[in-house]
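Residue numbers begin at 1 in each chain, while the letters A, B, ... track the order of the sequences.
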Amino acid sequence: MLKVYNTLSGKKEAFAPLVPGVVRMYVCGVTVYDECHLGHARSALVFDVVRRYLEHSGFSVTFVKNFTDVDDKIIKRANELGKPWQEITATYIDAYYRDMGRLGIKPATVEPKATEHMAEIVELVRALIQKGMAYQVNGDVYFQVDRYGTYGRLSKRKLDDMQAGARVEVDERKRHPMDFALWKGAKPGEPSWPSPWGLGRPGWHIECSAMAMKHLGETFDLHGGGMDLIFPHHENEIAQSCGATGKEFARYWLHNGFVQINQEKMSKSLGNFFTIREIFEKWEHPEAVTAEVLRYFLLATHYRSPLDFSDLGLDEAKRTLDSFYGLFNRLTEPTGLPTTGDEQLPSLIEELAGSFRQAMDDDFNTSIVIAAFQRFRSEVNRLLESGLSPAACRRARETFRTLGYVVGLFQSDTWQFGVVHGGPASLAGGDASAAGLIVQGPISDVEIERLKSERGEARKRKDFARADEIKKLLAAQGWIAEDRPDGTTRWKR
RNA sequence: GGCGCCGUACCCAAGUGGCUAAGGGAGCAGUCUGCAAAACUGCGAUGCGGCGGUUCGAACCCGCCCGGCGCCUCCA
């Protein structure tokens, strides 16, 4: 039985979709005016895993994730750069797909854009005016918060309290200081669409209500986003949507914690953010390796907890994954031993599967999932010591792959073990130069193969000086030697 | 001022009323190895920021305090 923490109630609740077997979920995507940073990555990843687990659990999932492609910040950015706003949004939508693709985030079922839902947005605003929950001031339309009785239910605030501490500059035309714009009249040169209130554009919040209802219906199951969206964004979405329909909007609200740098929220305004692109560029590993390290790192902490980003944390994630992939390699090699471990494998798999389900059912506790994988890794390593049949090895690898898929881990067939910072040249500064073996650039693959076999020969005739010399030489190229008991060598890089 | 979150070993991180406080990394010792590497084995908190309280029993509940953070303004 899946339980999820619902921000609305502040508790873990049993999850039961409105229509049995079908889950309709909406996650706030990005406003496309800049590159995505790690915080966006975390949110995307968390809900990617939520979606994957729901599907794994047998639900048919309709997942909607929007692009907000009309907004003050986009206009501002366009003006700064002197480019049409459509060019800005197109650029960053592309960047979004590039980054999410690299991270292995599955595309949502529907990825709607605000600009393609003007009719629905206008209709929603019209309905709100009709119900007396919104009012027009010149070309603008505002939502009147005190007409919506349960305003503040999600963020657990009272209108009076907010007023007391509000540092917002109060627009005199508003009836209540917390009233927010549903529609903004266009100034010259701004993007605009026709409406009963004149040319204008939607305010922030309304686009999500319109898109969610269009693609999922007036009431749907799950709505997600970062903690910082609880107020005002999600609070306002609820007010608008429920205000217009008189029905419940989303039933379960899930919010992920922040990515922090030195205990502080990573954010644009603090300037302490890393873009996803930067991380891929900085880490000199194949993209797939960086992606998995990042995913592992982000999933090692429960999604609602704050997570401090650091190189140290990333390094640790890399080390741990090295260990997993080392095992995966060994699982493809014949052990030449009896298969005494085979009979224990099924119960270990069962144990893993049980822990996995239990952990994911408990509000997507990926930390425990990872611990379960680690324990399974140890157990399989142990079985390998006593001998596993090739079939059992394949079964073990498949188990990692199948359950790993749900959290997006262990899918690769290749891996890069050595840390190849800066390529061979900088590696030569380590062991090799100490041994007086300064390498002039990379060695050809043919030469590397020749050296590997030469080392094998040297070891056979017990010429360990030469064998070690070659080991160091190849280490400088990123190759790590693992000698097997039978005299053969496993080379990793 | 209002609302809320966090503080668990050197580091990361589960656990939120009851078996010996998961798991990993690092470290140390050992097995294996020509030496390594990898893997395996063993070792680590009488204690969960502090002080009180509730309870037969608390890291977990309550109160106060200390330290850090978030939202209330665009923010995943």
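For the C1' atoms, the distance linking B:G50 with B:U41 amounts to 39 Å, nearest Å. Rounded to whole Å, the separation between the C1' atoms of B:G25 and B:C43 comes to 16 Å. Comparing the same atom, P, in B:A13 and in B:G4 gives a spacing of 25 Å after rounding to whole Å. Comparing B:C61 with B:C48, their P atoms are spaced 15 Å from each other, to the whole Å. Look at the C1' atom in both B:C66 and B:C51: the space between them is 10 Å, to the nearest Å. A distance of about 8 Å separates the C1' atoms of B:G17 and B:G57, rounded to the whole Å. Atom P of B:G15 sits at a distance of 16 Å from the matching atom of B:A9, rounded to the whole Å. Using P as the reference atom, B:G7 and B:A59 are 15 Å apart when rounded to the nearest Å.
Computed from coordinates, the A:Leu388 CG to B:A39 P distance equals 16 Å when rounded to whole Å. Spacing between atom CD of A:Gln260 and atom P of B:G7 amounts to 12 Å, rounded to whole angstrom units. A:Met360 has its CE atom 14 Å from the P atom of B:A14, to the nearest Å. Rounded to whole Å, atom C1' of B:C12 lies 13 Å from atom CG of A:Leu298. Rounded to an integer number of Å, the gap from A:His255 NE2 to B:G70 C1' is 14 Å. With rounding to whole Å, A:Phe231 atom CZ is found 17 Å from B:A76 atom C1'. Rounded to whole angstrom, the span from the CE atom of A:Met178 across to the P atom of B:C71 amounts to 15 Å. Atom-to-atom, CD1 of A:Ile230 to C1' of B:U73 comes out at 16 Å; the value is rounded to the nearest Å.
Ring geometry for A:Phe249 against A:Trp253 counts as tilted: the plane angle lies between 30° and 60°, on a 0 to 90° scale. Classification of the A:Phe410-A:Phe373 ring pair by plane angle, with boundaries at 30° and 60°, yields perpendicular. The aromatic rings of A:His234 and A:His255 sit tilted, their planes meeting at an angle between 30° and 60°.
B:C5 and B:G68 make up a base pair, with Watson-Crick or G-U wobble contacts both under 3.5 Å. In a base pair of the Watson-Crick type (N1 to N3 plus N6-O4 or O6-N4) or a G-U wobble (N1-O2 and O6-N3), with each distance short of 3.5 Å, B:U20 is matched with no nucleotide. Pair assignment for B:C43: B:G27, on the basis of Watson-Crick or G-U wobble contacts that are both within less than 3.5 Å. With a cut-off of 3.5 Å on both Watson-Crick or G-U wobble distances, the partner of B:C35 is given as none.
Between the side chains of A:Glu237 and A:Ser209, no donor N or O sits under 3.5 Å from an acceptor N or O. Under the 3.5 Å distance criterion, with hydrogens and angles disregarded, no donor-acceptor pair is assigned to the side chains of A:Arg330 and A:Tyr325. In this model, no donor atom of one side chain and acceptor atom of the other lie less than 3.5 Å apart for A:Asp69 and A:Tyr92.
Nearest-nucleotide positions on RNA chain B place A:Glu379 closer to the 5' end than the other of A:Glu379 and A:Asn262.
The side chain of A:Asn256 contributes no N or O atom lying less than 4.0 Å from OP1 or OP2 of B:A76. Between B:A13 and A:Asn365, no contact under 4.0 Å exists linking OP1 or OP2 to a side-chain N or O. For A:Thr301, a side-chain nitrogen or oxygen approaches OP1 or OP2 of B:A13 to under 4.0 Å. A sub-4.0 Å separation between OP1 or OP2 of B:G2 and a side-chain N or O of A:Lys156 is absent. Using a 4.0 Å cut-off, some side-chain N or O of A:Arg382 falls inside it from OP1 or OP2 of B:U41.
Nucleic acid contact class of A:Gly39 (heavy atoms, under 4.0 Å, all strands): base. Looking at heavy-atom distances under 4.0 Å, A:Ala481 makes contact with a base. Residue A:Val46 is classed as having no contact, given no heavy-atom separation below 4.0 Å to the nucleic acid. Nucleic acid contact for A:Glu482: base, since at least one base atom lies under 4.0 Å from a heavy atom of the residue. When heavy atoms are screened at a 4.0 angstrom cut-off, A:Phe297 is found touching no nucleic acid atom at all. Residue A:Met266 is classed as a base contact, given a heavy-atom separation below 4.0 Å to a base. Residue A:Gly225 is in sugar-phosphate contact alone, with no base atom involved, counting any heavy-atom pair closer than 4.0 Å across all strands shown. Within the nucleic acid shown, A:Gly257 comes within 4.0 Å of at least one base atom, counting heavy atoms only. In this structure, A:Asp228 reaches the bases: a heavy-atom distance under 4.0 Å links it to at least one base atom across the strands shown.
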Tell me, for nucleotides 22-34 of chain B in 5' to 3' order, what letter each nucleotide earns: B for a base near a protein heavy atom under 4.0 Å, S for only sugar-phosphate near one, - for neither? BSBSS-------B
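Using a 4.0 Å cut-off between charged side-chain N and carboxylate O, A:Glu235 and A:Arg153 make no salt bridge. A salt bridge links A:Asp322 with A:Lys318: the distance from a Lys NZ or Arg NE/NH1/NH2 to an Asp or Glu carboxylate oxygen falls below 4.0 Å.
Of the candidate nucleotides B:A14, B:C40, B:G70, B:A14 has the atom nearest to the side chain of A:His302. Residue A:Arg157 places its side chain closer to B:G2 than to any other of B:A39, B:G2, B:A37.
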Take A:Phe67 and A:Tyr96 through the ring-ring contact (aromatic ring centres under 6.0 Å, His included) test and state the conclusion after the steps. CA-CA 10 Å; A:Phe67 287 108; A:Tyr96 174 88; 5.1 Å; yes
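Atom NZ of A:Lys187 sits in a sparse spot, with 12 or fewer heavy atoms from other residues, nucleotides or ligands closer than 6.0 Å.
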